[in-house]
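Notes follow once the structure below has been shown.
Along the sequence shown, residues are numbered consecutively beginning with 1. Keep in mind that what you see is a predicted model, and the values were worked out from it rather than measured.
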Amino acid sequence: MKLVFYGAGNMAQAIFTGIINSNNLDPNDIYLTNKSNEAALKDFAEKLGVNYSYDDEALLKDADYVFLGTKPHDFEALADRIKDSITDSNRFISIMAGLSIDYIREQLNTNNPLARIMPNTNAQVGHSVTGISFSNNFGPKAKDEVNELINAFGSVIEVSEDHLHQVTAITGSGPAFLYHVFEQYVKAGTQLGLEKDQVEESIRNLIIGTSKMIERSDLSMEQLRKNITSKGGTTQAGLDALSQYDLVAVFEDCLSAAVNRSVELSNTDD
């Protein structure tokens, strides 16, 4: 199976690194290209054993799956460049936020099967939560192959295309939102008098341990919280302080803003 990645930025890197780490595909079957940063491609080739090229015809020849990972505003130029090199064997997988299946196919001047996915950078450690939508001509066998590729770097949830905006907000952007929360936790912790490196290391291990508890337990997060909250104890005191703030509203605003931006980006293809 030949995979081609147009764009080798953070998200694309997370995907092909995750696929390689899963040992489901030989790195030699993966081909990378980007706009102009050949040094980055050479570095990937040396470290991971992948190939790279700027020859579109060679890249697309016999390519089974072509990942479109450019920035959305660069896509029209890319489509104009590669559309005459597309072959019948090419199936496309877009990781570009906001650009619809119909728009992408129109720009590429092709009716080839196309899927849109919204992964996150946790793909690098095999734990992405990836939303996916397929064009109506994506056959069952090809769907299974794509799902297998995605399962190599995490889990997959198939949704209608109009629900990818919500997936983008909740899981695509989700790691950044959680990192931001953890940043604030570190800042607050350092105000208690401990050294910053001590706080960072403690919270890093706290996050890892808590994640493993969630992973290994059948209990809801609500119940896990209740299990460590003794009446009148320190945890209850902290939660009482948190309850003075409307955290649900904070996260609703956060996710709504991300959804709205995804919708705005999709409207650029009208």
Side-chain angles (χ1 to χ4, degrees), residues 1-20 24-46 48-119 123 130 132-150 152-153 161 269:
M1 184 187 299
K2 179 180 177 181
L3 305 186
V4 175
F5 285 81
Y6 274 91
N10 291 337
M11 191 62 74
Q13 181 184 348
I15 293 172
F16 62 71
T17 300
I19 291 173
I20 291 169
N24 285 352
L25 196 69
D26 190 321
N28 197 50
D29 293 327
I30 296 176
Y31 294 75
L32 310 180
T33 191
N34 60 20
K35 192 173 181 179
S36 59
N37 189 354
E38 187 173 2
L41 299 183
K42 284 183 178 180
D43 189 52
F44 288 131
E46 291 173 1
L48 301 176
V50 298
N51 301 287
Y52 77 91
S53 173
Y54 286 103
D55 184 336
D56 296 316
E57 189 170 338
L59 284 167
L60 293 172
K61 182 181 180 182
D62 300 323
D64 296 289
Y65 295 100
V66 181
F67 286 80
L68 302 172
T70 63
K71 296 184 185 301
H73 64 262
D74 288 331
F75 174 65
E76 286 191 18
L78 171 65
D80 188 60
R81 195 184 85 214
I82 70 173
K83 60 186 179 183
D84 291 335
S85 299
I86 293 172
T87 71
D88 290 342
S89 70
N90 302 152
R91 299 181 187 90
F92 292 91
I93 302 174
S94 169
I95 57 176
M96 300 179 294
L99 302 187
S100 71
I101 288 174
D102 287 345
Y103 174 75
I104 294 169
R105 293 168 85 181
E106 178 184 351
Q107 294 299 312
L108 293 173
N109 193 29
T110 182
N111 289 318
N112 285 19
L114 189 145
R116 284 182 61 193
I117 66 172
M118 182 46 60
T130 301
I132 187 167
S133 295
F134 294 98
S135 63
N136 55 16
N137 62 340
F138 226 102
K141 181 180 178 182
K143 280 188 176 183
D144 288 343
E145 287 181 337
V146 172
N147 284 329
E148 186 175 353
L149 284 173
I150 295 174
F153 54 85
E161 188 177 12
D269 62 19

- request: Check side chain to side chain donor-acceptor pair (under 3.5 Å) between Glu148 and all other residues, then give those that pass, not counting sequence neighbours.
  value: none

- prompt: In Å, rounded to the nearest 0.5 Å, how long is the span from CG of Leu59 to CG of Leu32?
  reply: 9.0 Å

field: Residues in side chain to side chain donor-acceptor pair (under 3.5 Å) contact with Thr130, at least two apart in sequence or another chain
entry: Ser128

message: Just to verify, what does Ser133 make a side chain to side chain donor-acceptor pair (under 3.5 Å) with, not counting sequence neighbours?
response: none

task: Compare all side-chain heavy atoms of Thr33 with those of Ser53 and state whether any distance is below 4.5 angstrom.
output: no

- prompt: Between atom CG of Leu114 and atom CG of Leu68, what is the distance when rounded to the nearest 0.5 Å?
  reply: 6.5 Å

- request: Determine which pairs satisfy side chain to side chain donor-acceptor pair (under 3.5 Å) with at least one residue from residues 107-117, sequence neighbours left out, and list them in order.
  value: Thr110-Asn112, Arg116-Glu161

task: Sorted by first residue and then second, give each salt bridge (charged side-chain N to carboxylate O under 4.0 Å, His left out) pair with at least one member in residues 26-36; sequence neighbours left out.
output: Lys35-Asp74

- request: Kindly write out the residues that satisfy salt bridge (Lys or Arg N to Asp or Glu O under 4.0 Å) with Lys143, not counting sequence neighbours, or none if the list is empty.
  value: Glu158

Min side-chain heavy-atom separation Leu108-Ile82 under 4.5 Å: yes

- prompt: Taking atom CD1 of Ile93 and atom CD1 of Ile104, what is their separation to the nearest 0.5 Å?
  reply: 11.5 Å

field: No-hydrogen, no-angle side-chain donor-acceptor test under 3.5 Å, Tyr54 and Glu38
entry: no

- line: With sequence neighbours left out, the residues meeting ring pair (Phe, Tyr, Trp, His ring centres under 6.0 Å) with Phe134 are Phe138

- request: Find out whether Tyr31 and Asp55 are in side-chain contact, i.e. whether some heavy atom of one side chain is under 4.5 Å from a heavy atom of the other.
  value: no

query: Out of curiosity, Ile19 CD1 to Ile30 CD1, how far, rounded to the nearest 0.5 Å?
result: 5.5 Å

- line: residues 78-105 vs salt bridge (charged side-chain N to carboxylate O under 4.0 Å, His left out), sequence neighbours excluded, gives Asp56-Arg81, Asp80-Lys83

task: Kindly indicate whether the side chain of Val50, heavy atoms from C-beta on, has any atom under 4.5 Å from the side chain of Ile20.
output: yes

message: Going by side chain to side chain donor-acceptor pair (under 3.5 Å), name the residues that satisfy it together with Thr87, two or more places apart in sequence or in a different chain.
response: Ser89, Asn90

message: Using 0.5 Å steps for rounding, measure from the CZ atom of Phe92 to the CG atom of Leu60.
response: 6.0 Å

Side chains of residues 9-18: which donor-acceptor pairs under 3.5 Å do they make with residues two or more places apart or in other chains?
residue: Thr17; atom: OG1; partner: Gln13; partner atom: O; Å: 2.6

message: Tell me every residue that passes salt bridge (Lys or Arg N to Asp or Glu O under 4.0 Å) with Asp62, counting only those two or more places apart in sequence or in another chain.
response: none

- line: To the nearest 0.5 Å, atom OH of Tyr103 lies from atom CD of Glu76 at 3.0 Å

- prompt: So do the side chains of Leu3 and Leu149 get within less than 4.5 Å of each other, counting heavy atoms only?
  reply: yes

query: Are a donor atom and an acceptor atom from the side chains of Asn137 and Ser135 found within less than 3.5 Å of each other?
result: yes

- request: Using the ring-ring contact (aromatic ring centres under 6.0 Å, His included) rule, collect all pairs that involve residues 61-90, keeping only residues at least two apart or in two chains.
  value: Phe5-Phe67

